[in-house]
K.L.:
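I am attaching a structure below and will ask some questions about it afterwards.
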Amino acid sequence: MADYLNETIKSIMERRSIRKYKPQQITEQELECILNCGLHAPSARNRQNWHFTVIQNAELISWMNDRIKENIPNEVVAFCKEQQGGSEDYSIFYGAPTLVLVSGEASDMFTDANCGYATQNMCLAAQSIGVASIVIGMVRFLFSTPEADSYAKEFGVPDGYKPLYAICFGYNADILPKPLKRKEGKVNYIK
Ligand SMILES: Cc1cc2nc3c(=O)[nH]c(=O)nc-3n(C[C@H](O)[C@H](O)[C@H](O)COP(=O)(O)O)c2cc1C
């Protein structure tokens, strides 16, 4: 491994989900670089059938947080609260100033894979330029309410696309967590 410790591998190995952000907004250049890397991900049959909604409006982020908190199960609440000192004031977005809502074409069997590639491209690009990130699957609790379709329209999600999760971007306000231990037995070889 040491022989291959180039910048790409360093970004992969050092990326961690960050759960405490500075209020300072990331720069336009950083945002454009991250989005562009997402757009350059591979996709089945080159469909590129993802959609990214950039949300940098603090009021909207706060509204999303409130709606999601009304709908999430207790055990998830406990985890989020614990990460933020036990306060009722916790945010499921951990104070990040930028969210990218990732949506994929609902009818495509490879939507999850395509959007996953784009998401990891964005997280690794962010890591490589000093921007922290975390994927927030709990956004599904906003888009599983009876108002989901009208919310999706308001967020500019194209017809036929479903919102999957959000990615938070911002500057890390915490100590950098160490890499998590990897589970054993996840690879087998047939030679
Ligand atoms: C699809 C997906 C959804 C996730 N949703 C959340 C979430 O809602 N809240 C959260 O705190 N972390 C969320 N995470 C982050 C994972 O908890 C994290 O990736 C995992 O614990 C491994 O840690 P690492 O990213 O630092 O390696 C999500 C990750 C993925 C890939």
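When a residue number appears, it is its place in the shown sequence, counting from 1. Counting starts at 1 for both ligands and their atoms, following the listed order.
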K.L.:
Taking the non-hydrogen atoms of Arg15, is any one of them nearer than 4.0 angstrom to ligand 1?
P.N.:
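Contact present.
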K.L.:
Applying a 4.0 Å heavy-atom criterion (strictly less than), which segment of Arg19 is in contact with ligand 1: side chain, backbone, both, or neither?
P.N.:
side chain
K.L.:
Below 3.5 angstrom, do we get any N/O pair linking Leu180 and ligand 1?
P.N.:
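Between Leu180 and ligand 1, no N or O pair is found under 3.5 Å apart.
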K.L.:
Is it true that Thr98 and Gln56 share a donor-acceptor pair across their side chains at a distance under 3.5 Å?
P.N.:
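Their side chains do contain a donor-acceptor pair, which is all the 3.5 Å distance test asks for.
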K.L.:
Starting from atom 11 (O) of ligand 1, find the nearest protein heavy-atom neighbour and note its residue, name and distance.
P.N.:
Tyr94 OH, 2.6 Å
K.L.:
Write out the residue and atom name of the closest protein heavy atom to atom 9 (N) of ligand 1, then the distance separating them to 0.1 Å.
P.N.:
Met138 CE, 3.4 Å
K.L.:
Is any side-chain heavy atom of Ile134 less than 4.5 Å from a side-chain heavy atom of Phe93?
P.N.:
no
K.L.:
Does the side chain of Tyr165 pick up a donor-acceptor pair with the side chain of Thr119 at under 3.5 Å?
P.N.:
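Result is yes, a qualifying pair exists.
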K.L.:
Output yes when Asp108 and Arg45 qualify as a salt bridge under the 4.0 Å nitrogen-oxygen rule, no when they do not.
P.N.:
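Salt bridge flag = no for Arg45 with Asp108.
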K.L.:
Which bit of Phe79 gets closer than 4.0 Å to ligand 1, counting heavy atoms only: side chain, backbone, both or neither?
P.N.:
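Looking at Phe79 and ligand 1, just side chain atoms fall under 4.0 Å.
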K.L.:
What is the nearest protein non-hydrogen atom to atom 5 (N) of ligand 1, stated with its residue, atom name and distance?
P.N.:
Gly137 N, 2.9 Å
K.L.:
Among all protein heavy atoms, pick out the one at the shortest distance from atom 26 (O) of ligand 1; state its residue, atom name and that distance to 0.1 Å.
P.N.:
Arg16 NE, 2.5 Å
K.L.:
Centre-to-centre under 6.0 Å for Phe79 and Tyr90, is that the case here?
P.N.:
no
K.L.:
Ligand 1 and Ile134, any nitrogen or oxygen pair closer than 3.5 angstrom?
P.N.:
no
K.L.:
Identify the closest protein heavy atom to atom 28 (C) of ligand 1: which residue and atom is it, and at what distance?
P.N.:
Val135 O, 3.3 Å
K.L.:
Does the protein put a heavy atom less than 4.0 Å from atom 7 (C) of ligand 1?
P.N.:
yes
K.L.:
Mind checking whether Ser17 has an N or O less than 3.5 Å away from an N or O of ligand 1?
P.N.:
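Yes: some nitrogen or oxygen of Ser17 is under 3.5 Å from one in ligand 1.
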K.L.:
Taking Thr111 for its side chain and Glu105 for its backbone only, find out whether a donor-acceptor pair lies under 3.5 Å.
P.N.:
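Yes.
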K.L.:
With a 4.0 Å cut-off, would you call Glu147 and Arg67 a salt bridge?
P.N.:
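Looking at Arg67 together with Glu147, the answer is no, because their closest N to O distance does not fall below 4.0 Å.
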K.L.:
Answer with yes or no whether the side chains of Gln25 and Tyr171 bring together a donor and an acceptor at under 3.5 Å.
P.N.:
no
